[in-house]
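Here is the structure we will look at, set down as structure tokens.
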Amino acid sequence: MVSAGGTRRTETDPALPESRPRTAPPPAGPPRIADDTALAAALATGAGHVLLGLRAQYAGAAPRDLARIGDAGAQRHLADALRHHRPADAVLSEEGTDDPGRPGASRVWIIDPLDGTREFSEARAGRSDWAVHVALWEEGRLTAAAVALPARDTVLTTAPAPKTPSRDGRRAGGPGPGRGPRLAVSRSRPPALIAPLARLLDARLVPMGSAGVKIAAVIEGTADAYVHAGGQYEWDSAAPVAVAVARGLHASRIDGSPLRYNRAHPWLPDLVVCHPVDRDRILAALADVSPSATETPS
């Protein structure tokens, strides 16, 4: 190109600002979500979509490989999203490396990218009893959470919602055995503790998959209690416990003491989640049975 004075200029000449090479701005991420409960719901929902996609894509994979692929994909999605939306917050994840400074943080996201890997990996059987857990612990308590049940197109959160209905109002009843509370139990390895407890309570056992699904069953009214006495990690229960408490349910250790999260060693020896009408009876029965039997976290 030639200027008005006859001087040849190149396309990148600074005297021709309209011709300067343009550098595209870096791609912007999605808008940051300010509300913690809304963020928990978005994260759990997004990870659920990732898992459903991977389950379909690798439907022919061996169950162990599918479980590994699901764990890694959901963890990557949640870790990337938390770095974008809450870069200053700490994270405790089943699939991540723990930060030694995490117990001293004021805000910690406690996540289980895939709760129920065994059920998730049984893609050919179409099992739906697996979940994604996202919870926020803040200054000593759980303040926001979401539990996604992706294969059921359901997300339960701590956002204001109707309280769980009364147990008597949501159970068909009548005289006969097993008219006590319905206990959600592991479908493959119910602990020895459950048998004497069920006898004391005249309870009916309802087998199902992951820990999150069991607590979700209590929240949704298809079970009345979930008791676990063999130890779990914090990510196994933080999100569903937070949602259960927000819906008016009782959650505690089996001796009735509070559940505590964001500890240096994130291990919870036991817990019970139940409808308030059953709380005293269940805690009394638990005091009468031996919790010596162990249960694999589920």
Side-chain angles (χ1 to χ4, degrees), residues 27-58 65-103 105-121 128-138 142-159 209-213 215-216 232-243 261-262 266 297:
R32 290 185 176 175
I33 300 173
D35 180 77
D36 289 323
T37 299
L39 177 59
L43 295 181
T45 301
H49 289 159
V50 169
L51 287 165
L52 289 172
L54 292 172
R55 203 184 199 203
Q57 182 179 356
Y58 296 98
D65 292 335
L66 181 57
R68 176 181 52 79
I69 291 167
D71 276 333
Q75 168 65 23
R76 185 164 50 249
H77 174 85
L78 292 174
D80 289 347
L82 283 169
R83 274 193 296 269
H84 172 74
H85 290 281
R86 298 292 188 273
D89 291 355
V91 178
L92 173 64
S93 171
E94 178 177 16
E95 302 302 327
T97 302
D98 198 6
D99 180 350
R102 185 261 308 162
S106 60
R107 287 171 53 94
V108 180
W109 292 88
I110 303 175
I111 62 175
D112 190 346
L114 175 51
D115 177 53
T117 51
R118 178 175 179 173
E119 289 73 24
F120 171 81
S121 69
S128 64
D129 46 349
W130 48 277
V132 178
H133 298 178
V134 178
L136 173 63
W137 176 96
E138 194 171 10
L142 298 170
T143 58
V147 176
L149 309 175
R152 301 178 183 177
D153 195 24
T154 297
V155 180
L156 305 171
T157 80
T158 50
S210 73
V213 167
I215 298 176
Q232 291 177 330
Y233 288 99
E234 292 183 9
W235 49 73
D236 290 308
S237 67
V241 160
V243 175
Y261 292 89
N262 193 38

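- Put simply, CZ on Arg107 and CD on Glu138 are 4.5 Å apart, with the number rounded to the nearest 0.5 Å.
- A donor-acceptor pair under 3.5 Å is absent between the side-chain atoms of Arg102 and the main chain of Val91, judged by distance alone.
- Asp80 CG: more than 12 foreign heavy atoms inside a 6.0 Å radius.
- Not a single donor-acceptor pair under 3.5 Å links the side chain of Ser121 to the backbone N or O of Leu66.
- Here CG of Asp36 is found 7.5 Å from CG of Asp89. Values are rounded to the nearest 0.5 Å.
- Side-chain contact check for Trp109 versus Leu78: every heavy-atom pair is 4.5 Å or farther apart.
- Taking CD1 of Ile69 as the reference point, atom CD of Gln57 lies at 8.0 Å (rounded to 0.5 Å).
- Between Trp235 and the choices Ile111, Val134, Leu92, Asp115, the side chain to side chain contact (heavy atoms under 4.5 Å, CB included) rule is met once, by Leu92.
- The backbone N or O of Ala239 lies less than 3.5 Å from no partner atom in the side chain of His133, so there is not a single donor-acceptor pair.
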Kindly indicate, with the supporting measurements, whether the criterion side-chain contact (heavy atoms from CB on, under 4.5 Å) is fulfilled by Phe120 and Arg55.
-> CA-CA 8 Å; Phe120 171 81; Arg55 203 184 199 203; 3.8 Å; yes
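- Using a 4.0 Å cut-off between charged nitrogen and carboxylate oxygen, Arg68 and Asp71 do not count as a salt-bridge pair.
- Side chain of Glu94 to backbone of Pro113: no donor-acceptor contact under 3.5 angstrom is found.
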Could you walk me through whether Val213 and Arg152 pass the side-chain contact (heavy atoms from CB on, under 4.5 Å) test, one step at a time?
-> CA-CA 11 Å; Val213 167; Arg152 301 178 183 177; 4.1 Å; yes
